[in-house]
Amino acid sequence: LLSMAGSVSPTCLSLDHTNIRGGFTHKENLRDDLRYYFMSPCEKYRARRHIPWKMGVQILKIIMVTTQLVLFGLNNQLVVSYKEENTMALKHLFLKGYSGVDEDDYSVAVYTKHDVYESLFYVMDQYSQLGQLSVGPISYAEDENGKLLPLTICKEYYRRGSVEPSDEIYDIDAQLETGMLFKLFTLHADIPFLNQTFRRFFRLVDIKITFQLKGINLQTVRSRELPDCYSFFVTITFDNQCHSGKVKLFLDIDAESSACRDWKISGTAQKNTHYLLVFDAFVILMCLTSAVLCTRSIILAVRLLQRFSRFFHENFNRKVCEDDQREFLNGWYLLVIVSDLFAIIGSILKMEIQAKNLTNYDVCSIFLGTSTLLVWVGVIRYLGYFQKYNVLILTMKAAFPKVLRFCCCAGMIYLGYTFCGWIVLGPYHEKFEGLSLVAECLFSLLNGDDMFTTFAQLKDKNTLVWLFSRAYLYSFISLFIYMVLSLFIALITDAYETIKSYQKNGFPQTDLQKFLHEPTELPNIEESDQTDVSVRHSVLCYCQWYDCSQQCCLFNI
């Protein structure tokens, strides 16, 4: 043994008992901290009897956030249905000949001057009799002084022009002007005859009728919530921009809700509102607790990474690889923090809506919906501690880079087909009239949906376009379904097979994993009364175990 010790560096031979034990203690403390950090909550409890508060908070938060979302969703459905049904009711009230179904993007179309006049007068006549006609709690809007807000009729037209189609002669000033034709301040005013105003329909671009109504959404009383008061800004448009002999009628409503000025309601509606506000406050408190705990875990992980990096640099003289660094930066914590922030913002907006200070249901629903989505996705983290459930996460992680690169290449082809279909087939097919419609139609075809209808709906008035459409659709379907989609699935399948092979034969170990799986037994170093031979034997074993000749003793000693 003494002859073998001669090959050991002088640095290793000069080690004493205290330095050796200090080096082992430092290393084992670091290894214990690393192992504890990468344990599951149940393993942490068995190891140190630490209650998994963070997991408990996450489970409780899932229950509370989901309950909050359900309650808000039920209320939001009532609001949306109220707006939609009011829109349908007003179309039946003010649009003459409305069948109950919109024609494409417009509600009604008229084709003669007489029909234009009749439809215009019909709107004004129905408006003057709204109180006797409507079965819903809706009425005229008034200003602060109690005066009726007027109904206004405006037209947009070319400044001047003359057209003689028979002689193929026209003289048009393209400058548009807007003029007010009529204002109705009282319900019993005489409706003027406007026939002279529209003698030259080729100059008329559109007519807009605007007025404001008030309504109360009483159906929320059934859900024990205070009703909202609504202001409906109604715009009826007679669209003649195409000058094709077809005038399209649109009815658009911009609804704004607000707290009613004076109200009195019996029952538990007001008390229920207070309970909801308290519940939302608890949700905010729970999300803040979750965000603080996750932030604390990230800070501890960064400090642990710094310790491990410093240890690696001092003993191996190299940096920790990127794969090992990513093990410390837990993306689940970031996901939870983002979901907490969204839930807090959504809860604050919901409380403001409950208190009737805000009315933007859509923004609140986006925040609450996104936070709930992220919260439930975060549950996968706990399932990932079980090997059989971890396959999905590992497969997504392994396949994501390849899939992303593949989608970038396939996306270029997809955009080419989108632009080509829009410019060629747009005038002849309703599914190709806009870029967004083309993208949606091609995505449906990519998934095998609505194929025959897409082929059949193309107008065959133009033979050349019809032939092009067949070549276009057949080539897209063949390329993307039989080749692109198959390759996409193959990439994911390949990643899945790789993960299954790793689970069976073992994953490739990084420096961090090798460090965690090293033996933890401390060599038997005798006390100070041991002979020099015993000390040299212990040092020799120590240096040979950790390859002291190359790394010069793994520890900081």
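The shown structure was predicted, so the numbers you read here are calculated from the model rather than taken from an experiment. Reckoned from all heavy atoms, side chains included, excluding hydrogens, waters and symmetry mates.
Separation of the F480 and F488 ring centroids does not fall under the 6.0 Å cut-off. Aromatic pair Y140/F211: ring centres not closer than 6.0 Å.
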Test side-chain contact (heavy atoms from CB on, under 4.5 Å) applied to F238 and L249, step by step
CA-CA 5 Å; F238 291 69; L249 273 65; 3.7 Å; yes
Does the side-chain contact (heavy atoms from CB on, under 4.5 Å) test come out yes or no for I477 and F455, once each step is laid out?
CA-CA 12 Å; I477 293 172; F455 278 94; 3.9 Å; yes
Assess the residue pair Y472 and V424 against the criterion (side-chain contact (heavy atoms from CB on, under 4.5 Å)); give the C-alpha distance rounded to whole Å, side-chain angles, the decisive distance to 0.1 Å, and a yes or no.
CA-CA 10 Å; Y472 172 86; V424 178; over 6 Å; no
Are V338 and T370 close enough, and set up right, to give a side-chain contact (heavy atoms from CB on, under 4.5 Å), and what steps lead you there?
CA-CA 10 Å; V338 172; T370 306; over 6 Å; no
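Side-chain contact annotation: K246 with Y106, donor-acceptor N/O pair under 3.5 Å present. For the residue pair S231 / K214, a side-chain donor-acceptor distance below 3.5 Å is found, with atom types taken as modelled.
The number of heavy-atom neighbours closer than 6.0 Å to OH of Y111, taken from other residues, nucleotides and ligands shown, is above 12. With a 6.0 Å radius and a threshold of 12 heavy atoms from other residues, nucleotides or ligands, M483 has its CE atom at or below the threshold. At most 12 heavy atoms of other shown residues, nucleotides or ligands fall within 6.0 angstrom of atom CZ in F282. Around OH of Y122, the count of heavy atoms belonging to other residues, nucleotides or ligands within 6.0 Å exceeds 12. Around atom CH2 of W422, no more than 12 heavy atoms belonging to other residues, nucleotides or ligands sit under 6.0 Å away.
Side chain of T87 to backbone of K83: a donor-acceptor contact under 3.5 angstrom is found. Put simply, the side chain of S339 gets close to the backbone of V336: a donor and an acceptor are under 3.5 Å apart. Looking only at distances, a side-chain donor or acceptor of Q126 sits under 3.5 Å from a matching main-chain atom of L93. Distance alone, capped at 3.5 Å, is enough to place a donor-acceptor pair between the D143 side chain and the N145 backbone. A distance-only check finds no donor-acceptor pair linking the side chain of N447 to the backbone of D449 [under 3.5 Å]. Checking side-chain atoms of Y414 against main-chain N and O of A439 turns up a donor-acceptor pair under 3.5 Å. Between the side chain of N75 and the backbone N or O of L71 there is no donor-acceptor pair closer than 3.5 Å. A distance-only check finds no donor-acceptor pair linking the side chain of S478 to the backbone of S475 [under 3.5 Å]. Between the side chain of D494 and the backbone N or O of A490 there is no donor-acceptor pair closer than 3.5 Å. Remark: the backbone N or O of G136 is paired with a side-chain donor or acceptor of S134 at under 3.5 angstrom.
Annotation for L368 and A343: closest pair CD2-O, 4.3 Å, computed over non-hydrogen atoms. Between F476 and L442 the shortest heavy-atom distance is CE2-O, 3.4 Å.
To the nearest 0.5 Å, the span separating CG on L213 from CG on L90 amounts to 6.5 Å.
Note: H92 and Y98 have perpendicular aromatic rings, judged against thresholds of 30 and 60 degrees for the angle between ring planes.
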